Amino acid sequence: LSSATGKAGYAQMFEEIINLPEGKALLFHCTQGKDRTGCAAMLILSALGVDEDTILKDYMLTNTYNADLISSERQMLIDQGYEGQELDRYMKAMDEVDIQYMENALTWMKDNYGSVKGYITQELGVTEAQIEQLQARYLHNMTAHPAKEATCTEAGNKAYWTCDCGKYFSDAQGTKEIDKDSVVIQAKGHTSVKDPAVAPTHTSTGLTEGSHCSVCGATIKKQEVVHD
């Protein structure tokens, strides 16, 4: 982050992302794919406005997804006689990540540039307009859809959010994608109540048996007039 070579590399990365053709992706990596690559991911996520806690959790996922490799190489070093702090030092250099490394990087940028975004704009030459461009391109533009109760005849829905990209989400942050059919609450259907028949008399008409919905009041079976 502080070396001329590192800054040139990260600046080029942002230039590539900003000018990336629609529908194309960018692969970024380093020798081990964890520390310099982790810093690259941190810079991208910071430019997109992702919070620090999420960035740290993302960085530490290396230890989760590399668990088998870490275990086998740790055993290899143990078999070679490494132990204690020396073993830990080699593992962190080879395969593991340490949250303190990323915390130190974040603290260094905040101390020297006010924020990670300050580092990105001051040292990497990325403008505020370009950051807004990245956010518009890579972040979901969410629309909230409030919960709607199902009625006897109309389906309702759970609360959900949609993005301009056509995806459906169960949260406003757009982190939990769902199928659009999963938000639908089927119509309840009528609750039928019998309307008893009324026998006609010499002085008044009667009615046939009918029924109505006790919830919405809709007529289900209309009563017909019966004459004496």
Side-chain angles (χ1 to χ4, degrees), residues 1-20 24-128 130-131 134-135 137-140 169 171 173-177:
L1 292 170
S2 61
S3 70
T5 301
K7 286 185 281 189
Y10 291 131
Q12 181 182 355
M13 176 190 72
F14 271 105
E15 183 179 354
E16 294 280 352
I17 296 173
I18 291 166
N19 296 306
L20 201 62
K24 298 294 183 180
L26 178 72
L27 173 66
F28 58 94
H29 61 87
C30 59
T31 302
Q32 291 299 103
K34 61 186 186 75
D35 294 317
R36 285 170 294 178
T37 300
C39 284
M42 173 269 293
L43 292 170
I44 294 170
L45 293 173
S46 296
L48 295 176
V50 176
D51 64 275
E52 188 173 302
D53 184 56
T54 300
I55 290 171
L56 290 170
K57 289 178 180 177
D58 180 75
Y59 175 64
M60 293 304 294
L61 284 174
T62 293
N63 290 344
T64 301
Y65 292 117
N66 277 357
D68 290 342
L69 175 64
I70 290 170
S71 177
S72 63
E73 294 205 356
R74 177 176 284 273
Q75 187 58 53
M76 178 188 71
L77 291 174
I78 291 173
D79 292 341
Q80 294 177 9
Y82 291 93
E83 59 183 14
Q85 292 183 351
E86 185 179 31
L87 173 62
D88 291 338
R89 186 171 64 252
Y90 271 101
M91 288 306 303
K92 288 175 183 177
M94 292 170 60
D95 300 306
E96 293 180 352
V97 293
D98 186 330
I99 196 169
Q100 189 174 348
Y101 292 174
M102 187 58 71
E103 289 175 337
N104 289 344
L106 292 167
T107 298
W108 177 79
M109 285 184 284
K110 287 185 283 188
D111 288 346
N112 289 278
Y113 303 95
S115 64
V116 178
K117 185 177 177 182
Y119 171 85
I120 293 170
T121 55
Q122 295 173 47
E123 290 290 1
L124 306 184
V126 181
T127 66
E128 291 283 352
Q130 288 173 324
I131 290 176
L134 289 173
Q135 292 177 346
R137 184 172 184 179
Y138 293 109
L139 295 179
H140 292 299
F169 300 91
D171 64 315
Q173 292 73 38
T175 61
K176 300 174 182 177
E177 187 177 354

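Basis for what follows: all heavy atoms, side chains included, without hydrogens, waters or symmetry-related copies. One-based numbering along the sequence shown. All figures in this text were calculated on a predicted structure; none of them were measured in a lab.
Salt bridge status for Glu96 with Lys34: absent, with no side-chain N to carboxylate O gap under 4.0 Å.
For the pair Arg36 and Tyr10, the minimum side-chain heavy-atom distance is below 4.5 Å. Counting heavy atoms from C-beta on, the side chains of Leu43 and Tyr119 come closer than 4.5 Å. Counting heavy atoms from C-beta outward, Ile18 and Val126 have side chains that approach closer than 4.5 Å. For the pair Ile120 and Glu128, the minimum side-chain heavy-atom distance is 4.5 Å or more. For the pair Ser2/Trp108, a side-chain contact is recorded, criterion being any heavy-atom separation below 4.5 Å from C-beta on. Counting only heavy atoms from C-beta outward, the side chains of Thr62 and Thr37 never approach each other to under 4.5 Å. Considering only heavy atoms from C-beta on, Leu134 stays 4.5 Å or farther from Gln130 through its side chain. In this structure the side chain of Phe28 never reaches within 4.5 angstrom of the side chain of Gln12, judged on heavy atoms.
The aromatic rings of His140 and Phe169 lie tilted to each other, with the angle between the two planes from 30° to 60°.
Taking each heavy atom of Leu106 and Glu52 in turn, the nearest pair found is CD1-CG, 3.5 Å. Closest heavy-atom contact between Lys7 and Leu1: CG-O, 3.2 Å. Across every non-hydrogen atom of Leu45 and Ile55, the tightest pair is CB-CG1, 3.9 Å.
By the neighbour-count criterion of 12 heavy atoms within 6.0 Å, atom CG of Asp68 is sparsely surrounded, having that number or fewer from other residues, nucleotides or ligands. Within 6.0 Å of CD on Glu83 lie no more than 12 heavy atoms contributed by other residues, nucleotides or ligands. For Glu103, the CD atom sits in a packed shell: over 12 heavy atoms of surrounding residues, nucleotides or ligands are nearer than 6.0 Å. Counted within 6.0 Å of CD on Gln85, heavy atoms from surrounding residues, nucleotides or ligands total 12 or fewer; the atom is thus considered open.
Ser71 contributes atom OG, which lies 12.0 Å from atom CG of Asn66 (distance to the nearest 0.5 angstrom). Here OG1 of Thr107 is found 9.5 Å from CD of Gln100. Values are rounded to the nearest 0.5 Å. The CG atom of Leu56 lies 11.0 Å from the CG atom of Leu61; values are rounded to the nearest 0.5 Å. Atom-to-atom distance recorded for Ile44:CD1 and Cys39:SG is 11.5 Å, nearest 0.5 angstrom. Taking CG of Asp171 as the start and CD of Glu177 as the end, the distance is 10.5 Å to the nearest 0.5 Å. Between Ile131 atom CD1 and Phe14 atom CZ the span is 7.0 Å, to the nearest 0.5 Å.
Between the side chains of Asp35 and Tyr59, at least one donor N or O sits under 3.5 Å from an acceptor N or O.
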Arg74 and Asp88: CA distance, side-chain angles, deciding distance, side-chain contact (heavy atoms from CB on, under 4.5 Å) verdict: CA-CA 9 Å; Arg74 177 176 284 273; Asp88 291 338; 3.5 Å; yes
